[in-house]
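What follows is a short report on a single structure.
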Amino acid sequence: MTAATLALTQQRANRRLAIKLAVVAALMVGFAYGMVPFYNVFCEALGVDRARPELADTHAAAMRVEFDSNVAAGLPARLTALEPVTAGRAGGLIKAKFRLENLSDAPLGIRAVPSYAPERAGRFLQKLECFCFNALTLAPRETREVTVVLLVEADMPPELGAVTLSYMLYPLEENPHGEGKA
Amino acid sequence: MSTTANPTIDLGAGHHDHAHDHDHDHHTLTGWRRWVYATNHKDIGTLYLWFSFAMFITGGLMALGIRAELFTPGLQFWQPEFFNQLTTLHGVIMVFGAIMPAFTGLANWMLPLMLGAPDMAFARMNNWSFWLLPPAALLLIISLFVPGGAAAGGWTLYPPLSLQFGMGMDLAIFAIHLLGISSIMGSINIITTILNMRAPGMTLMKMPMFAWTALITNYLLVAVAPVLAGAVTMLLTDRHFGTHFFKAVGGGDPVLFQHIFWFFGHPEVYIMALPAFGVVSQIIPTFARKPLFGYHSMVYATASIAILSFMVWAHHMFSVGMPATAQLFFMFMTMLIAVPTGVKVFNWIATMWQGSMSFETPMLFAVGFVCLFTVGGFSGLVLSIAPVDTQMHDTYYVVAHFHYVLVAGALFSLFGAVYYWLPKWTGNMYSERAGKFHFWWSMVWFNVTFFPMHFLGLAGMPRRIPDYPLQFTDFNAIASVGAFCFGLGQLFFLYNVIHTIRGGVGKAPANPWDSPTLEWEVPSPAPHHTWETPPDEALVKKGLAAQALE
Ligand code: HEM
Ligand SMILES: [Cu+2]
């Protein structure tokens with residue numbers, strides 16, 4: 001090959017490589033935008049607490065509700081909030097689901113006892129429907145979905161901001177509080 | 001071999017141009033035209049280096065503005081708003097204006113010389129990649145004077161703050177667009193030059209380490225500069241065009257920005273570190289008079305660092321409320337990255353081991369680099385522990401960490417590179433005494449400035465604040481004194497370089513360090529055109545044999 005043709009093939013090879021690299025760069029801009037839907041899917045799948053439009057809306061007072069669940073020592077059961085953090089607006093409803101599991105091979109009678117932190121928030125968060133209203137009996141190894149429906153009172157003070165609603169599972173016979181105070 | 005014998009290459013303002021070279025598009029270009037229409041890789045390299053020095057001084061003055069305010073508690077000089085603009089512009093200018101262009105400039109100047117190529121692959125694109133930089137810098141400076149002032153949310157540009165600033169933020173976004181386009185074009189040029197234009201006999205696994213680190217760095221840049229461009233474009237459309245990527249009001253999430261930014265941001269820190277590794281890997285073997293220890297493991301370590309750097313980004317976000325599994329994943333990946341980094345440090349030490357070492361200025365900076373970069377690596381490891389970082393995040397400990405890797409790391413390697421190659425660039429020797437003074441001065445005051453910041457951070461002083469509680473006074477005062485002295489020393493560096501360009505110390509031989517790499521085979525100063533016919537294979541092999549690569 002002469003020097004001139006060599007230079008020409010070199011130039012062509014250079015140009016081809018440059019175009020490939022430019023395509024990679026363009027695709028990476030797409031990747032940046034691709035992270036947006038991916039992020040949403042990912043957060044949802046992991047149940048990650050995200051910034052919520054309800055909370056950012058400064059016009060209607062918003063309340064963020066976090067669910068906490070505990071099981072009395074030795075009780076072979078598990079309670080899991082399906083969406084551990086949620087939010088509602090004054091005057092609105094919040095519906096939350098929990099998974100309740102009997103981990104033993106025998107039938108199990110339980111009662112869920114709710115509590116609020118801060119305590120005064122309980123006044124503004126009314127349970128319209130709750131799995132804690134009644135004692136529950138689970139078949140051996142049963143998994144059941146249970147719900148709670150909450151009404152955020154319209155006069156909820158905006159500075160309240162956030163509340164934790166905690167459930168503790170007790171075995172039926174030793175329920176320390178007697179009847180649930182829903 | 002080199003063909004032309006152009007006596008001097010003017011590193012100055014170009015006021016006395018010896019344009020006798022029989023060049024196709026250059027022999028008519030004199031004065032400013034030579035620089036504005038520059039397509040020669042050496043001219044463009046020179047432009048990059050001077051530009052980045054100017055930005056280094058600009059960013060440095062801003063840093064001194066910060067340190068002046070923090071000398072004592074209370075507000076002395078600036079309102080908090082302006083203080084925040086200083087920290088933001090300092091970061092943006094140092095990262096995108098000083099460190100990155102300096103390494104691109106070095107790559108421009110040295111790669112064709114080291115690889116035996118006549119020029120960079122795309123000479124005209126090269127001109128464009130440089131000349132996008134000054135307008136970008138100008139936008140950043142102008143943004144200080146628009147209503148509302150410059151962006152003030154930190155170089156990371158986090159929303160919601162970055163959605164709330166005035167037009168200073170828009171100017172910063174445009175500047176970042178320009179800088180990004182410039183980087184991508186520069187990268188394409190560098191990658192193509194390395195992959196397609198090496199001299200016969202120089203296979204990839206026989207390239208100088210500097211070329212390897214340049215290759216990998218620029219792959220990183222092609223991959224992540226567009227991601228940053230995407231992120232700031234989303235900021236722009238959120239600000240003005242009604243999108244809600246990061247606005248919670250419309251269902252967006254500010255934390256999303258952090259993910260996108262750090263997907264760029266962590267590779268970015270290696271974009272600033274890897275070329276420094278490359279420079280040090282050229283300097284240490286030269287002055288230890290031994291071939292680089294573990295060349296192959298160096299290449300693999302560089303590549304593994306690059307790949308891992310895409311999988312650690314959320315170590316900047318341990319405190320945003322990620323699930324524990326994600327925290328653990330990013331924590332372990334981050335710790336893993338210390339392994340190839342350690343391989344490199346051990347290889348440098350092994351290269352020096354039983355070498356017949358001498359400590360000219362480039363070597364001093366290289367050894368200083370190895371010591372202090374390792375300190376920064378260790379504080380990085382401390383920060384990589386998620387439960388520890390929850391305490392330390394956004395404190396001065398982080399500021400100490402990244403200045404050890406960026407100032408004592410990237411910047412020291414650049415100083416080393418300048419002293420190492422200045423004889424080739426200018427044809428003149430620099431003053432060894434002045435160089436050594438510059439090194440020791442920088443070494444001492446660097447540590448006086450940044451070491452106390454570890455203590456401040458551990459004691460809980462947050463970063464990016466213009467005022468602080470009384471108990472932090474002493475260490476802040478020490479750091480401020482250190483910073484002003486360090487800054488003064490850099491003016492001395494400028495004097496050193498100009499003195500060398502003027503030939504104040506005398507002529508340099510073609511190969512003052514007796515180094516086997518190809519750039520030393522051309523005369524000093526390097527003629528305007530070199531390797532127009534590639535070096536013959538015997539010459540290449542001779543150099544490779546001396547590096548134990550053949
Ligand atoms: C052993 C290697 C390294 C490890 C384990 C490491 C780890 C970390 C971690 C965990 C943080 C986040 C701290 C926080 O914000 O709370 C961080 C911040 C940072 N690191 Fe490193 N790092 C390493 C090397 C480097 C290198 C080589 C560079 C640059 C040359 C670098 C530059 C930075 C910068 C600029 C920040 C602060 C970014 C900001 O928030 O503004 N690091 N590092
Ligand atoms: Cu990082």
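Remember, it's a predicted structure, so these values are computed and weren't measured experimentally. Per chain, numbering begins at 1; letters A, B, ... match sequence-line order.
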Exercise. Heavy atoms only, distances under 4.5 angstrom: which of B:H259, B:M234, B:M197, B:H244 has the most pairs with chain A? Name it, please.
Key: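 Highest number of pairs under 4.5 Å: B:M234.
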Quiz item: What are the two closest non-hydrogen atoms of B:G230 and A:A32, and how far apart are they?
Solution: CA-CB, 4.1 Å
Quiz item: Between A:M28 and B:P226, which heavy-atom pair has the shortest distance, and what is it?
Solution: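 Heavy-atom minimum between the residues: CB-CB, 3.7 Å.
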Quiz item: So which part of B:F264 gets closer than 4.5 Å to some heavy atom of chain A, the side chain, the backbone, both or neither?
Solution: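 Answer is neither: B:F264 stays 4.5 Å or more from chain A.
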Self-check item: Heavy-atom proximity to chain A below 4.5 Å, by part of B:A121
Solution: both
Do [X] and [Y] make a side-chain contact, defined as non-hydrogen atoms from C-beta onward lying under 4.5 Å apart?
| X | Y | value |
| --- | --- | --- |
| B:T233 | A:Y33 | yes |
| B:I260 | A:Y39 | no |
| B:L195 | A:L17 | yes |

Give, for atom [atom1] of [X] and atom [atom2] of [Y], the distance between the pair rounded to the nearest 0.5 Å.
| X | Y | atom1 | atom2 | result |
| --- | --- | --- | --- | --- |
| B:I188 | A:I19 | CD1 | CD1 | 10.0 Å |
| A:N40 | B:D253 | CG | CG | 8.0 Å |
| A:T9 | B:N196 | OG1 | CG | 10.0 Å |
| B:I184 | A:L21 | CD1 | CG | 10.5 Å |
| B:T192 | A:Q10 | OG1 | CD | 10.0 Å |

Self-check item: CZ/A:R141: more than 12 non-hydrogen atoms of other groups inside 6.0 Å
Solution: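 Atom CZ in A:R141 is crowded, with more than 12 foreign heavy atoms closer than 6.0 Å.
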Quiz item: Is the number of heavy atoms from other residues, nucleotides or ligands within 6.0 Å of CZ (A:R123) greater than 12?
Solution: no
Quiz item: Would you call the rings of A:F31 and B:F263 parallel, tilted or perpendicular, where under 30° means parallel and over 60° means perpendicular?
Solution: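 Taking B:F263 first and then A:F31, their aromatic rings sit tilted (interplane angle of 30° to 60°).
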Quiz prompt | A:A26 portion near chain B, given a 4.5 angstrom heavy-atom threshold | solution = neither
